[in-house]
*Asks:* 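Here's a structure for you.
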There are 2 protein chains.
Amino acid sequence: MNKLVDFVKNRRKIIGLTQKELAEKSGVGLRFIRELEHGKQTLRLDKVNDVLRMFGHMMAPEKIEILETGEK
Amino acid sequence: MNKLVDFVKNRRKIIGLTQKELAEKSGVGLRFIRELEHGKQTLRLDKVNDVLRMFGHMMAPEKIEILETGEK
DNA sequence: TCACATTATACCTTTTAGGGTATATAAAGA
DNA sequence: TCTTTATATACCCTAAAAGGTATAATGTGA
């Protein structure tokens, strides 16, 4: 449940692009797309935005929603 | 009009923290806070999230809104 | 099964983000 | 004014992000 990962994976499939095509279109390396879709945390923000721009989106601060109530 | 910059600046002021205090609390360097508040684009996503977590937020994809109608 | 396309992993190199420190400027209070 | 605090700028160094390439592992359709 990583929002960025899910978003890019889904949108890419919808548009019908391969990782390679998305990389080329957004101007980042293929390895970057792979690392992004694998949930790497230490990505550079500008590169992430380069990719999101393909889908009309950008990274922005968003409130964290609580999703697990404390019970073990 | 950089959402991240405005968000961090405002929240930090509201909480009444200095850049140094925010850096220490969020576990990043002071220089990072400075670069963030100056709109540096090439920040690392994990570090940005370290800071946003102090305010209960995280970076997530967000639709780009149109703000300028084409006239010069 | 055999191609072919797509995705995943691993290695190497270059570039640079981030941290630390020192100094400079700015702002706020006496 | 002079201090003190906060913020800004500049330097050096280390760690690692990103890219390229090669290879492996999946898939997918004959």
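Convention: sequence-line order gives letters A, B, ...; per-chain numbering from 1.
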*Asks:* OG1/T42(A) to CG/N49(B) distance, rounded to the nearest 0.5 angstrom?
*Replies:* 11.5 Å

*Asks:* For K9(B), give me all partners under side-chain contact (heavy atoms from CB on, under 4.5 Å), at least two apart in sequence or on another chain.
*Replies:* V5(B), E37(B)

*Asks:* At under 4.0 Å between heavy atoms, which parts of nucleotides 20-30 of chain D does protein reach? Answer with one letter per nucleotide, 5' to 3': B base, S sugar-phosphate only, - none.
*Replies:* B----------

*Asks:* Please check the phosphate of dA17(D) (OP1 and OP2 only) for any side-chain N or O of Q41(A) closer than 4.0 Å.
*Replies:* no

*Asks:* Who else is in I14(A)'s hydrophobic cluster (ILVMFWY, side-chain heavy atoms under 4.5 Å, direct or via others)?
*Replies:* none

*Asks:* In whole angstrom, what separates D50(A)'s CG from dA18(D)'s P?
*Replies:* 11 Å

*Asks:* Run the side-chain contact (heavy atoms from CB on, under 4.5 Å) test against D50(A) and tell me which residues pass, sequence neighbours left out.
*Replies:* V28(A), K47(A), R53(A)

*Asks:* Measure from NZ on K47(A) to C1' on dA16(D) and round the result to the nearest Å.
*Replies:* 15 Å

*Asks:* Any side-chain N or O of H38(A) below 4.0 angstrom from OP1/OP2 of dT9(C)?
*Replies:* yes

*Asks:* Apply side-chain hydrogen bond (donor to acceptor under 3.5 Å, both in side chains) to Q41(A) and list each qualifying residue two or more places apart in sequence or on a separate chain.
*Replies:* none

*Asks:* Rounding to an integer number of Å, can you tell me how far D46(B) CG sits from dA15(D) P?
*Replies:* 17 Å

*Asks:* Contacts to DNA chain D from residues 51-59 of chain A, heavy-atom cutoff under 4.0 Å, which residues?
*Replies:* none

*Asks:* If you compare every side-chain N and O of T42(B) against the phosphate oxygens of dA17(C) (OP1, OP2), does one of them come in below 4.0 Å?
*Replies:* yes

*Asks:* State whether E21(A) and R12(A) are salt-bridged, where the test is any N-O pair (Lys NZ or Arg NE/NH1/NH2 against Asp/Glu carboxylate O) under 4.0 Å.
*Replies:* no

*Asks:* So, OP1 or OP2 of dA17(D): does either fall under 4.0 Å of a side-chain N or O from K40(A)?
*Replies:* yes

*Asks:* Please report the distance, rounded to the nearest Å, between CZ in F32(A) and P in dT14(C).
*Replies:* 22 Å

*Asks:* Who pairs with E24(B) by side-chain contact (heavy atoms from CB on, under 4.5 Å), at least two apart in sequence or on another chain?
*Replies:* K20(B)

*Asks:* Mind calculating the distance between CD (E21(B)) and P (dA6(D)) to the nearest angstrom?
*Replies:* 7 Å

*Asks:* Please tell me which of the listed nucleotides, dT7(C), dA18(D), dG18(C), lies nearest to the side chain of Q19(A)?
*Replies:* dT7(C)

*Asks:* What's the CG-C1' distance between L43(B) and dA17(C), to the nearest Å?
*Replies:* 9 Å

*Asks:* Let me know the distance between CD of E35(B) and P of dT9(D), rounded to the nearest Å.
*Replies:* 11 Å

*Asks:* For R44(A), enumerate each residue passing the salt bridge (charged side-chain N to carboxylate O under 4.0 Å, His left out) test, keeping only those at least two apart in sequence or located in another chain.
*Replies:* D46(A)

*Asks:* Taking only residues two or more places apart in sequence or in another chain, which ones pass side-chain contact (heavy atoms from CB on, under 4.5 Å) with I15(B)?
*Replies:* L17(B), F55(B)

*Asks:* Send over the distance from L36(A) CG to dA8(C) P, rounded to a whole Å.
*Replies:* 12 Å

